[in-house]
Protein chains: 2
Amino acid sequence: MPRAGLTPQRIVEAAVDLVDTAGLDRLSVSALARGFGVKDASLYSHIRGLADLRARLAVHCAAEFADRIGSAVAGRSGRDALAAFAGAYRDYAVSHPGRYAATQLELPPEVLAGSPGHAALVEHTYLLLRPYALAEPDGTDAVRLLRSTFHGFAALEATGAFHAAREVPASWNRIVEALHTLLTNWPPTPTHP
Amino acid sequence: MPRAGLTPQRIVEAAVDLVDTAGLDRLSVSALARGFGVKDASLYSHIRGLADLRARLAVHCAAEFADRIGSAVAGRSGRDALAAFAGAYRDYAVSHPGRYAATQLELPPEVLAGSPGHAALVEHTYLLLRPYALAEPDGTDAVRLLRSTFHGFAALEATGAFHAAREVPASWNRIVEALHTLLTNWPPTPTHP
DNA sequence: TAGATTTCCTAGACCCTCTAGGCAAACCTA
DNA sequence: TAGGTTTGCCTAGAGGGTCTAGGAAATCTA
């Protein structure tokens, strides 16, 4: 009986393919084993289980996602950087919904702490906001606004929640424009009368 | 053998409780049957299956969610209405994460079309934007912005994605303020040079 | 080449969805 | 109130999922 040549890396790559075509919720140890022509139990010598596999997938996809965004924003700043960031973001989410969903998986703190991709994503977002010169806590609030809007849009688009006639990419571009306007005119802290 | 008194309504109510305490991903026909002290197969006389149960749950929770938002915005408009909408939105998402997640489930078109709660949620959002007097397609873009930001924030908060020291509710309030500013100064359609 | 290690296997426990078919309780109706 | 009908819950079982324990073969290493 020849060996199938399984490794954690190959298993994660197979998981990426599976998630890309079938969706994150269809990811299973069984399905991967079938793909390798191997019994389910064989995979457990390489990964600890489904939770471990999902964590590895999340770390892998976050790194890929952060890379694409990093390339897009390289050498740009201000409105240009924001547009490039947003373009790369939606492009990834639309063309690889399963991978994008993986980047948003909830992870155990120790896994998250050891994921360069997740750290890079946060870092890219903070750098993006530098030209807007927001003092804390406004900077953090603005980061959270951007993350929320981008992720929310991607999530809603992925579940088919936008039904109006308006083309979705046009809305996206307009929203990015609006966010730029907002960041350049960030409202002052409200005072209590 | 006395009957357990199952009905679709009671099953959906049990599903609401389960989802509230265990999370949407733990919802299963088996767990509900255990709760009723009944065999799995018994539930299939009342619901078609798990997909049907999830759809009913989504419709139920969307109606509840829309009600709360409707009560919150009643008699208000402009900034007040936006703040009330946002407050009710986050309150529901934070205090009932499982129910909120259910309102965001992807549904077959015919189910969605027959869900008053989902329709009311969209309607509330459009009404909210009336005072800002945005012509189409700006109105649709603004609706999509609000939905994206609110849902994205709720989703990220639910997965524990906000790690900065800044208190999450403070960010939420600030973001709502910022959105009000943005809606009152919606940028003009960019012209191509 | 012998021993140690790794890889994949079989077997099986346990949980899940869902269907088919049966029996008895609850409800009608005469 | 006795008959039949409908309904509610049952048993049995197929099929798919995760995961563990322990065994045998392929591969590495001394």
Side-chain angles (χ1 to χ4, degrees), chain A residues 1-61 98 101-102 105-108 110-111, chain B residues 1-61 98 101-102 105-108 110-111:
Chain A
M1 56 184 76
R3 296 190 175 178
L6 301 180
T7 65
Q9 290 72 30
R10 286 195 61 200
I11 293 174
V12 169
E13 283 161 22
V16 169
D17 290 347
L18 177 60
V19 142
D20 243 15
T21 57
L24 183 60
D25 48 335
R26 293 269 182 85
L27 176 64
S28 71
V29 176
S30 286
L32 289 182
R34 266 195 301 278
F36 282 112
V38 137
K39 297 296 173 183
D40 299 10
S42 305
L43 296 191
Y44 288 84
S45 309
H46 305 276
I47 54 169
R48 275 194 294 278
L50 182 60
D52 179 43
L53 175 62
R54 287 163 63 95
R56 288 173 191 261
L57 178 68
V59 169
H60 176 94
C61 291
L105 281 172
E106 189 169 2
L107 296 178
E110 66 277 12
V111 175
Chain B
M1 61 182 74
R3 297 192 174 176
L6 300 181
T7 65
Q9 291 73 29
R10 287 196 61 201
I11 293 173
V12 170
E13 284 162 20
V16 169
D17 290 347
L18 178 60
V19 142
D20 243 16
T21 57
L24 182 61
D25 48 336
R26 294 269 183 84
L27 176 64
S28 71
V29 177
S30 286
L32 290 182
R34 266 194 303 277
F36 282 112
V38 137
K39 298 295 172 187
D40 299 10
S42 304
L43 295 191
Y44 288 85
S45 309
H46 305 277
I47 55 169
R48 276 194 295 277
L50 183 60
D52 179 43
L53 175 62
R54 287 163 63 95
R56 288 172 191 259
L57 179 67
V59 170
H60 176 94
C61 291
L105 280 173
E106 189 167 2
L107 296 177
E110 67 277 11
V111 174

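Here the structure is a predicted model, which is why all the values come from computation and not from measurement. Lettering of chains follows the sequences in order, A, B, ..., and the numbering in each one begins at 1.
Of all heavy-atom pairs between B:R54 and B:L24, the closest is NH1-O, 4.3 Å. Closest approach of B:A55 and B:L107 over heavy atoms only: CA-CD2, 3.9 Å. Considering all non-hydrogen atoms of both residues, B:L18 and B:R26 come closest at CD2-O, 4.0 Å.
Between A:R10 atom CZ and C:dT7 atom C1' the separation is 13 Å, expressed in whole Å. For the pair B:L18 CG and C:dC16 C1', the computed distance is 14 Å after rounding to whole Å. Computed from coordinates, the B:R54 CZ to C:dC18 P distance equals 11 Å when rounded to whole Å. Here the C1' atom of nucleotide C:dC9 and the CZ atom of A:F36 are 17 Å apart, to the nearest Å. When the P atom of C:dC8 is taken as reference, atom CD1 of A:I47 falls 13 Å away, rounded to whole Å. Taking atom NZ of residue B:K39 and atom P of nucleotide D:dA12, one finds them 10 Å apart after rounding to whole Å. Remark: C1' of C:dC16 and CG of B:D25 are 14 Å apart, rounded to the nearest angstrom. If you take CG of B:L32 and C1' of D:dC9, they are 16 Å apart, rounded to a whole angstrom.
Taking only side-chain nitrogens and oxygens, B:H46 never comes nearer than 4.0 Å to OP1 or OP2 of D:dT7. A sub-4.0 Å separation between OP1 or OP2 of C:dC9 and a side-chain N or O of A:S42 is present.
Residues A:L27 and A:L32 meet the side-chain proximity criterion, which asks for heavy atoms closer than 4.5 Å. Between B:L53 and B:L43, the closest side-chain pair of non-hydrogen atoms is not below 4.5 Å.
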Which atom pairs link the protein and nucleotides 17-20 of chain D when you take only N or O atoms and keep those under 3.5 Å?
| from | atom 1 | to | atom 2 | distance (Å) |
| --- | --- | --- | --- | --- |
| D:dG17 | OP1 | A:R34 | NH2 | 3.1 |
| D:dG17 | OP2 | A:R34 | NH1 | 3.0 |
| D:dT18 | OP1 | A:V29 | N | 2.7 |
| D:dT18 | OP2 | A:S30 | N | 2.8 |
| D:dT18 | OP2 | A:S30 | OG | 2.7 |
| D:dC19 | OP2 | A:Y44 | OH | 3.3 |
| D:dC19 | OP2 | A:L50 | N | 2.6 |

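Within the structure, salt bridge (Lys or Arg N to Asp or Glu O under 4.0 Å) contacts touching residues 6-21 of chain B (residues at least two apart or in different chains) are B:D20-B:R99.
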